[in-house]
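Input: a single structure, listed below in structure tokens.
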Amino acid sequence: MNIIKLTETLAVSPQITPSEVSQIAAAGYRVLINNRPDGEEASQPGNAAIAAAAAAEGLDYHYMPVTAANFPGEAFSTMCELMADEAKPVLAVCRTGTRCANLWVASMSGEEREAAISEARRLGFDLSLATRA
């Protein structure tokens with residue numbers, strides 16, 4: 001598992017497995033957001049399996065699938081609220097973490113957005129989704 005911190009209370013990760021959810025909880029994350037639609041790849045774990053593992057660990061779990069075609073997705077305003085709640089550290093996951101980083105950037109405005117763009121680029125993320133939105 002490769003967790004990449006964007007802020008003190010928000011991180012992103014490539015695809016996780018249900019067996020890694022206990023490590024996520026142990027690392028202090030309280031909210032797990034899954035931005036990856038089921039069936040994107042045949043080998044990926046499904047939403048239901050990750051949701052069950054999150055429930056077993058007491059994590060607040062949200063399935064908010066996003067694709068390039070529907071970016072930033074139907075649940076974007078809810079995701080923005082979750083990412084902004086500093087009392088509950090968030091880990092957002094997708095195939096590589098890039099989609100989640102783009103959602104974070106898209107949730108920002110003004111100087112905060114410029115700082116988010118700079119940080120995400122420094123971390124190596126392609127921001128083509130966020131910068132077109």
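We're numbering straight along the sequence, starting at 1.
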I'd like to know whether Gln15 forms a side chain to side chain contact (heavy atoms under 4.5 Å, CB included) with Val93, so could you lay out the CA-CA distance, the side-chain angles of the two residues, the decisive distance to 0.1 Å, and finally the verdict. CA-CA 6 Å; Gln15 179 67 59; Val93 301; 5.7 Å; no

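- The SG atom of Cys94 sits 11.0 Å away from the CD1 atom of Ile16 when rounded to the nearest 0.5 Å.
- For the pair Ser22 and Ser19, the tightest heavy-atom approach, listed with the atom from each and the gap, is OG-O, 3.7 Å.
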Determine, step by step, whether Ser13 and Met1 satisfy the side chain to side chain contact (heavy atoms under 4.5 Å, CB included) criterion, reporting the C-alpha distance in whole Å, the side-chain angles of both residues, the deciding distance to 0.1 Å, and the verdict. CA-CA 7 Å; Ser13 174; Met1 182 171 44; 4.1 Å; yes

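- Looking at Tyr63, its side chain does come within 3.5 Å of a backbone N or O of Asp38 through a donor-acceptor pair.
- Applying the side-chain contact (heavy atoms from CB on, under 4.5 Å) criterion to Lys88, with sequence neighbours excluded, gives Arg30, Val31, Asp60, Asp85.
- The CE atom of Met108 sits 10.5 Å away from the CD1 atom of Ile117 when rounded to the nearest 0.5 Å.
- Counting heavy atoms of neighbouring residues, nucleotides and ligands inside a 6.0 Å radius, atom CD of Glu41 exceeds 12 of them.
- Once rounded to the nearest 0.5 Å, the distance linking CE of Met83 with CD1 of Ile33 reads 6.5 Å.
- Shown here for Ala11 and Tyr29, the closest heavy-atom pair between the two residues is CB-OH, 3.3 Å.
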Give the C-alpha distance, both sets of side-chain angles, the deciding distance and a yes or no for side chain to side chain contact (heavy atoms under 4.5 Å, CB included) between Glu8 and Glu86. CA-CA 8 Å; Glu8 287 302 311; Glu86 294 181 359; over 6 Å; no

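- Tracing side-chain contacts under 4.5 Å through hydrophobic residues (I, L, V, M, F, W, Y), one reaches Leu123 starting from Val90; they form part of the same cluster.
- In this structure, Glu20 contributes its side chain and Thr17 its backbone to a donor-acceptor pair below 3.5 Å.
- In terms of heavy-atom proximity, Ala106 sits nearest to Arg113 at CA-NH1, 3.5 Å.
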Let me see the working for Leu6 and Phe125 under side chain to side chain contact (heavy atoms under 4.5 Å, CB included), right down to the final yes or no. CA-CA 11 Å; Leu6 300 175; Phe125 289 108; 4.1 Å; yes

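- A donor-acceptor distance shorter than 3.5 angstrom exists from the side chain of Gln44 to the backbone of Pro37, with no hydrogens or angles considered.
- Separation of atoms CD1 (Ile50) and CZ (Arg36) is listed at 9.0 Å; rounding is to 0.5 Å.
- Other residues, nucleotides and ligands place no more than 12 heavy atoms under 6.0 Å from the CD atom of Glu112.
- The hydrophobic clustering, which links ILVMFWY residues whose side-chain heavy atoms are closer than 4.5 Å, places Leu10 and Ile24 apart.
- In this structure, the separation between CG on Leu59 and CG on Leu91 is 9.0 Å, given to the nearest 0.5 Å.
- Asn102 and Ala130 make their closest contact through OD1-N, 2.8 Å (heavy atoms, listed as atom of the first residue, atom of the second, distance).
- Under the rule for a side-chain hydrogen bond (donor to acceptor under 3.5 Å, both in side chains), the partners of Tyr61 that lie at least two apart in sequence or sit in another chain are Asn34, Asn47.
- Every residue two or more places apart in sequence or in another chain that forms a side-chain contact (heavy atoms from CB on, under 4.5 Å) with Val66 is listed here: Asn35, Asn70, Phe71, Arg99, Leu103.
- Between atom OG of residue Ser107 and atom CG of residue Leu82 there is a gap of 11.0 Å, rounded to the nearest 0.5 Å.
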